[in-house]
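All ligand and atom numbering here is 1-based and tracks the order in the structure.
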Amino acid sequence: MQQTSIYPDVTLITPTAQMSPSMHGGRAKCLQRLIRLDMPVPTTLALSFAAVQRCAKGQLPPVESLLEPFGEMPLLSVRPSSQDPDWGGPGAILNIGMNAVSHRHLTKRVGEAAATALYLRFVQSYAVHVARLDPEVFDFPNLTGIHALHAALDTFEAEAEEPFPQDVGVQLSEVLRSMARAWDGTSARLLREAKGAPVDAGLGLVVQAMALGVGDGESGSGVIQYVNATTGQPQVVGRYLSQSQGRDALNDKAGAIYLTSDQRGPALEDICPDVFAQLLAYGWTARSRLREEMQIEFTLEDGVLHILDAVRVQRSSRAQVQIAVDLASDGIIPREEAVMRVPSNALSEMLHRQVDPAAVRDVIVRGIAASPGAATGRIVLTAAEAQASAARGEACVLVRRETTPEDIRGMHAAQAVLTMRGGITSHAAVIGRGLGVPCVVGASDLTIDRKRGQIVAPGGRRFAVGETITIDGTTGTVLAGSPQMLEATLDASFQTLLSWADDFRDIGVRANADTPADAQTASNFAAEGIGLCRTEHMFFEGDRLGVMREMIFAETADDRRAVLDRLLPMQRNDFAELFAIMQGRPVCIRLFDMPLHEFLPYDKAGQRDLAEQLAMPLTAVTDRVQALSEYNPMLGMRGVRQGIAIPEIYEMQARAIFEAVADVAARGLVVQPEIMIPLISAMREVELIKVRVDSVARAVQSEMGVTFAFKLGVMVETPRAALRAQDIVKHASFLSFGTNDLTQMTYGLSRDDAGRFMSTYVQQGVYEEDPFHTLDLDGVGELLAIGAARGRAGRPDVVVSICGEHGGTRAAIGFCRAQGFNYVSCSPFRVPLARLSAAQLALEERLTGREGQASPALQH
Ligand code: PEP
Ligand code: MG
């Protein structure tokens, strides 16, 4: 066996040398794989992380042993080899070894022009990257060839106050030392940490014999890959440039030629068909044996092909999915691995339009990224203006201090929503995610100057109504103008990947859907049912708001019933549509939750209008508004409390649900209705509501001559409901944790006001994360665990789920799996992400026997 250990921690790369990415870096390990695949890789040495650390301290391996494998008069390159190639590293240095002697020697071999070009290139990169001299003084626009070389050597001597080093040992040592030190620099460290590298990430270096790429015969360099980086579809992509080195072919567009025969100009396939065929064969081998789509860097030296390097193809989110699916479809990787390879944020990018990462971003203000995706439109300040804009076919962005249910129609009409107040579970955020409308909330540095019809950004920048802005709900930023966008792309590979994910996951995924449009989206994304239909939003549709207001002003239960009878057919239609769309799958309808005062106008003008509509004196309206106002409405007359105090609303809703069940079933569709009671804190509440709901069910069955089954359950969103779950579950066949309210009540933290100090709290480490965004596993999680365990103790077959906004997050899904929950429910657009995350969590557990860690077999 060949001697591979040149010196401790310096290894000659051979098929059998002891090497690993965690000791020598990804590039070195990849080169060994290429060598094992019989690719013509020039002689290469790998310096381990430990060796490079010592180089940074000035303790270099003996340079003679480094040079020994490269023979007489070597010409070398040095490249970085970090553990994960995405973490980067210092730039490669080529042509180490060029000096006066090798210049003379090479002049004979490849001609003076080529030899001079190599030497000049080395002097310039050594001067700038190793001796750290000013790059501008090494630019000689009016000089070429040998004159430029002499100028470079003279300039080096003048600037560095010593001649350009002629000894290859000195050159190599200095290159190694400077690259090792560059890795320790602050900006390099920050950059790689931003890409996910650990603080102590190591750097390896590879020293490789140069394949020249210049000289006689066909000589040059190129880069080839076998897929399109945007679509992930098979396609030979790359360029070749005669008389060049490194990645020049990609930089010098003018001289570079295509690889595949092309009508637009000459191609490598035409001038060197054998080389091209060989490159295709190597590509196929690399794909099937390295189990990845690789980009290969190659050099031709007098017609002979050398493979210098291969890196994983950089790819868009869409290509990431396509490549993973194709590799699995071709039997190269198992489906499990394809599912593991795609990060859920890649799916999120595919689901929504995004600001092109290459676009110039003029950031006006930052807020909380509440609903992903990006959209551009003209500023409007009211829901009515948004609707008027939509009617004119003009894209608009609705800017509000905060949104209320009255704004829903405006939100439907707007391309994006921006609010100054609120957090991740505020009204605007919840509705935005439901609609798939990009949304930034809590942009508290922004103010609205209503008098002038402007929004005022930090630094006094003003944007008037009608001016164009862009909301980037993925990053939580507001941008001026209309930057370039990338369109959403849902292709067949997306569906295939998710169907595989479904085979591996072991927790259900439902959607929170309030409208037929939401339900359709949920159904398109293969949600297994609706886990939460918030019915109050239905009362703002069309002319229902007027009827609702009449009901609020009705004096007696009979009067209220009479008004609600007018809403009944509308609600029945709503539910029938949801049942029809989700046929065969459960639909969980939550009874009315919202405080009634939210249906009343809060300003004088609105109250005057209402007085006119109801033919009442203004004082009657203001008195009712006054009577309904509460100091703390979130803890006041809402949820089940209204169901008990004003039973007519729940009765009407139960009837609408049951009549819709009967109607839809009569059309031959299978319906699985579930009724959920919000804000429960005591068993008696459930008992009282159950008696009424059961009696409405019996009445509808006898009136319509049908029978149907339904489930009644409760939302666990008060701490007491979690603690008393064993009792409460006696009358409830399912428990669904509403973690928005539960977080609010566990922390004593208003979900609508927390945005004002949340970033300070997170910055100062009071909370690790915004608990409305990332489920607090320690506190709220404990209540979930207690509630689920006590619920099961009271009723072993109880169905347990989560339907708060946390439901679609990986952390919450992991927690719910561990606690044996039956399903999670989340916004329709999060359903694909939840399906993928659930599958990945199940696979991680299967492969490692542990939760939350990927198997080494699946890391790539
Ligand atoms: C919750 O509180 O978690 C919940 C799902 O209900 P809502 O957000 O409508 O209060
Ligand atoms: Mg709630």
Visitor: At under 4.0 Å between heavy atoms, which part of Thr739 makes contact with ligand 1: side chain, backbone, both or neither?
Guide: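 Under 4.0 Å from ligand 1, Thr739 contributes backbone atoms alone.
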Visitor: Do the rings of Tyr767 and Tyr747 sit parallel, tilted or perpendicular, given the 30° and 60° boundaries?
Guide: perpendicular
Visitor: Got a donor-acceptor contact below 3.5 angstrom from the Glu687 side chain to the Met683 backbone?
Guide: no
Visitor: Return a yes/no value for Gly738: is any of its N or O atoms, backbone included, closer than 3.5 angstrom to an N or O of ligand 1?
Guide: yes
Visitor: So if I count the atoms of ligand 1 from 1 in the order they appear, which ones are less than 4.0 Å from some heavy atom of Gly804?
Guide: 3 (O), 5 (C)
Visitor: Distance to 0.1 Å, residue and atom name: give those for the protein heavy atom nearest to atom 9 (O) of ligand 1.
Guide: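 Nearest protein contact, heavy atoms only, for atom 9 (O) of ligand 1 is Arg534 NE, 2.7 Å.
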Visitor: Of all the atoms in ligand 1, which lie at a distance below 4.0 Å from a heavy atom belonging to Met715?
Guide: 4 (C), 5 (C), 6 (O)
Visitor: Angle between ring planes, Phe599 versus Phe592, binned at 30° and 60°: parallel, tilted or perpendicular?
Guide: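 It falls in the parallel class, under 30°.
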Visitor: Examine distances only and state if a side-chain atom of Glu598 and a backbone atom of Pro595 form a donor-acceptor pair shorter than 3.5 Å.
Guide: no
Visitor: What pair of heavy atoms forms the shortest contact from Phe734 to Glu674, and how long is it?
Guide: CE2-CB, 3.9 Å
Visitor: For atom 2 (O) of ligand 1, which candidate among Glu717, His427, Gln744 holds the nearest heavy atom?
Guide: Glu717
Visitor: Determine yes or no for a side-chain-to-main-chain donor-acceptor pair under 3.5 angstrom, with Arg585 supplying the side chain and Glu528 the backbone.
Guide: no
Visitor: If you measure from each heavy atom of Glu805 to ligand 1, is any distance below 4.0 Å?
Guide: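 Contact absent.
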Visitor: Regarding atom 10 (O) of ligand 1: of the candidates Glu536, Arg751, Met745, which has the closest heavy atom?
Guide: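 It is Arg751 whose heavy atom sits nearest to atom 10 (O) of ligand 1.
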Visitor: Record the part of Leu532 in heavy-atom contact with ligand 1 below 4.0 Å; permitted values are side chain, backbone, both and neither.
Guide: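 For Leu532, the contact with ligand 1 is made by the side chain alone.
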Visitor: Between the Mg ion (ligand 2) and Glu717, which N, O or S atom of the residue is the nearest one?
Guide: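 Atom name returned: OE1.
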Visitor: When rounded to the nearest 0.5 angstrom, what is the spacing between CG in Leu784 and CD in Gln819?
Guide: 7.5 Å
Visitor: Please confirm whether Arg590 approaches ligand 1 to less than 4.0 Å, judged on its heavy atoms.
Guide: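 Arg590 counts as a contact of ligand 1 under the 4.0 Å cut-off.
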Visitor: Are the side chain of Arg835 and the backbone of Phe525 linked by a donor-acceptor contact shorter than 3.5 Å?
Guide: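 Answer holds: yes.
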Visitor: Would you say Asp741 reaches the Mg ion (ligand 2) with an N/O/S atom under 2.8 Å?
Guide: yes
